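Notes follow once the structure below has been shown.
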Amino acid sequence: MRGLTWRKVLFITILLGVVYGAVHMYFYINDLVQPVLMPVNQEYAGYANLPQKKLGLRLEPFVFQGWDGGDVQAVVVTKEGEESPRQSAVTFDLNRHPAENLGVIEYVLVCVNWDHGVLSALPLAESLTAAGLTCVLWDPRGVGDRRTSCTHGLKECADVPRLLDALGVTPGKYVVGVGQGYGAGLLLQAAAREPRIRGLVSIDSMASLRLSVERTLPDAPLKSLTLALMDLKINSSVGFECFDVAPVESASRLSRDVPVLVVNLVRNSPVSNLHDAVDIYRQLPGDVRDVWTLRGPGDRPGAEQREVEYLAGHGDKARTRTVSVHLERDEESTMLAIIHWLDDVMVPAWNSRPLNEPERPNLQTETGDE
């Protein structure tokens, strides 16, 4: 009888431990998944997504119908009136080193964050409009923040064809995408499906959501289980898994006619880093492609190139290779250099070959729910 009682106590203790562990794991997974499903940028907390006015800019808002049938807020941005400090820096540079080829670009699609999509993209738009470019910004969350969960561009990229339709962009027009962070990943996925995007600047895009999520987790024996449970939670909430979001794979499907500049600005970030930029660059099939990063403490003063190692191949056939990465001094000089890259590299690449008339995109392409 005593043995039976001891076994019952042991069983109950183990059962309580399992229940406690399951409950703890449930809340732990929920905490981990929250910033994946809703990556909110606290920098813009409390600010209106679309300001009434912005120094140096003319804002022309409009609404178009998104991939899910709901309204999406967008705005056309051009330079107007007194320049902002950021615009003045670009103007000063262009007075010394003019960019004379940019007039052929119809629109520059600018995307940065999932939340506050318009407001977060305005700094990039300031620099680009100072060079005479017309920018288009939009809110990936939809009017009134009606999209409650983020798919990291997997579904939101299907807004882009509808945005271009709303702008009246025909296949013969030159449209460029400039994205940063979330927006860079979205535009890589969009450009793989939308032939009207003729050039791309990708700043700090993740290579894949799976890799980024994995790097944010501490190394632990249950790491693989944690990742599997996170995928289950994400799938049950939104209908996709981390494996599904892979801008690096989208890069491999871009047209060879699309010039692409891949830029890494952030340091020591688990979400995206220089190796992500190199991986994306290596997958690009185009004849015109470049990869940049900022000069670091390990680079000699004034260095313009750095050799970055990567592993090519798999298993016994894997070999270490290197790629030359162009170095910029800081973020301000990088933005100026991007404008000159558009003028000196991208537009001449267009002019060196006839413009192929791309087929109109099929707006019924799969988005994950359709």
Side-chain angles (χ1 to χ4, degrees), residues 27-55 57 59 61 72-75 77 84-86 109-128 135 137-157 159 178-187 202-218 226 230 233-234 237-238 240 242 245 247 263-274 276-277 294 330-332 334-335:
F27 286 104
Y28 177 62
I29 295 299
N30 278 346
D31 289 342
L32 291 177
V33 164
Q34 185 61 24
V36 176
L37 294 180
M38 186 174 287
V40 177
N41 190 326
Q42 295 298 330
E43 178 182 355
Y44 301 101
Y47 287 87
N49 188 35
L50 181 61
Q52 294 293 320
K53 58 183 179 179
K54 179 73 173 176
L55 180 65
L57 298 177
L59 308 177
V72 177
Q73 178 72 63
V75 59
V77 183
S84 69
R86 189 175 282 108
L109 307 182
V110 184
C111 188
V112 176
N113 286 340
W114 174 72
D115 71 307
H116 286 88
V118 173
L119 187 62
S120 63
L122 283 176
L124 285 178
E126 285 183 75
S127 297
L128 294 165
C135 296
L137 290 52
W138 71 101
D139 180 10
R141 291 189 67 175
V143 171
D145 293 342
R146 59 182 181 77
R147 295 174 181 169
T148 57
S149 297
C150 174
T151 70
H152 298 273
L154 181 67
K155 297 180 181 181
E156 295 97 338
C157 72
D159 285 332
V178 177
Q180 186 167 14
Y182 160 87
L186 182 151
L187 285 172
S202 173
I203 306 171
D204 294 331
S205 173
M206 68 174 74
S208 73
L209 181 60
R210 172 71 176 196
L211 183 59
S212 295
V213 169
E214 187 174 356
R215 288 190 302 229
T216 63
L217 300 179
T226 301
M230 287 183 67
K233 176 62 176 179
I234 292 171
S237 300
V238 190
F240 77 97
C242 294
V245 183
V263 182
N264 165 248
L265 297 179
V266 295
R267 301 181 192 272
N268 303 319
S269 169
V271 177
S272 66
N273 56 38
L274 177 57
D276 286 334
L294 297 181
D330 51 34
E331 291 194 26
E332 182 178 345
T334 301
M335 195 63 231

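Every value quoted in this text rests on a predicted model; they were computed, and no experiment measured them.
For the pair Leu294/Leu265, a side-chain contact is recorded, criterion being any heavy-atom separation below 4.5 Å from C-beta on. Contact of the Leu124 side chain with the Val112 side chain is registered, since non-hydrogen atoms from C-beta on lie closer than 4.5 Å. Proximity of Pro39 to His152: side-chain heavy atoms (C-beta onward) are separated by under 4.5 Å at one or more points. The shortest distance between side-chain heavy atoms of Pro51 and Leu59 falls below 4.5 Å. Under the 4.5 Å side-chain criterion, counting only non-hydrogen atoms from C-beta, Val72 is in contact with Arg147. Within the 4.5 Å cutoff, no side-chain heavy atoms of Cys150 are placed close to those of Met38. Contact annotation: the side chain of Leu137 approaches that of Val77 to within less than 4.5 Å [non-hydrogen atoms, C-beta and beyond]. Thr226 is listed as a side-chain neighbour of Leu217, based on a closest heavy-atom distance under 4.5 Å.
Residues Trp114 and Pro140 come closest through the heavy atom pair O-CD, 3.8 Å. Across all non-hydrogen atoms, the minimal contact from Trp138 to Leu187 is CH2-CD2, 4.1 Å. A pairwise comparison of heavy atoms in Leu50 and Pro61 identifies CD2-CB, 3.7 Å as the closest pair. Residue Ile234 comes nearest to Phe240 through the heavy atom pair CG2-O, 3.2 Å, listed as atom of the first residue, atom of the second, then distance.
His116 contributes a side-chain N or O that, together with a main-chain N or O of Tyr44, makes up a donor-acceptor pair within less than 3.5 Å. A distance-only check finds no donor-acceptor pair linking the side chain of Asp204 to the backbone of Met206 [under 3.5 Å]. Under the 3.5 Å distance criterion, the side-chain polar atoms of Asn113 are left unmatched by any main-chain donor or acceptor of Ser120. Glu156 places a side-chain N or O within donor-acceptor distance of the main-chain N or O of Thr151, the cut-off being under 3.5 Å.
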- [ ] Take Leu122 and Leu57 through the side-chain contact (heavy atoms from CB on, under 4.5 Å) test and state the conclusion after the steps.
- [x] CA-CA 9 Å; Leu122 283 176; Leu57 298 177; 3.9 Å; yes
Task: Residues Ser202, Val263; criterion side-chain contact (heavy atoms from CB on, under 4.5 Å); working and verdict - done: CA-CA 6 Å; Ser202 173; Val263 182; over 6 Å; no
Task: Pair Gln73-Arg141, side-chain contact (heavy atoms from CB on, under 4.5 Å): steps then yes or no - done: CA-CA 9 Å; Gln73 178 72 63; Arg141 291 189 67 175; over 6 Å; no
- [ ] Evaluate side-chain contact (heavy atoms from CB on, under 4.5 Å) for Met335 paired with Leu128, printing each intermediate quantity in order.
- [x] CA-CA 9 Å; Met335 195 63 231; Leu128 294 165; 3.9 Å; yes
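For residues 205-217, the side chain to side chain donor-acceptor pair (under 3.5 Å) pairs, not counting sequence neighbours, are Arg210-Asp231, Arg215-Asp276.
Rounding to the nearest 0.5 Å places CG of Asn49 at 4.5 Å from CG of Asp139. In this structure, the separation between CG on Leu154 and SG on Cys242 is 11.0 Å, given to the nearest 0.5 Å.
Of the candidates Leu37, Thr148, Val36, Val238 forms a side-chain contact (heavy atoms from CB on, under 4.5 Å) with just one, namely Leu37.
For the 3.5 Å distance criterion, the side chains of Asn41 and Asp115 fail to qualify, holding no donor opposite an acceptor.
Annotation: side-chain hydrogen bond (donor to acceptor under 3.5 Å, both in side chains) contacts of Arg146 (sequence neighbours excluded): Asp68.
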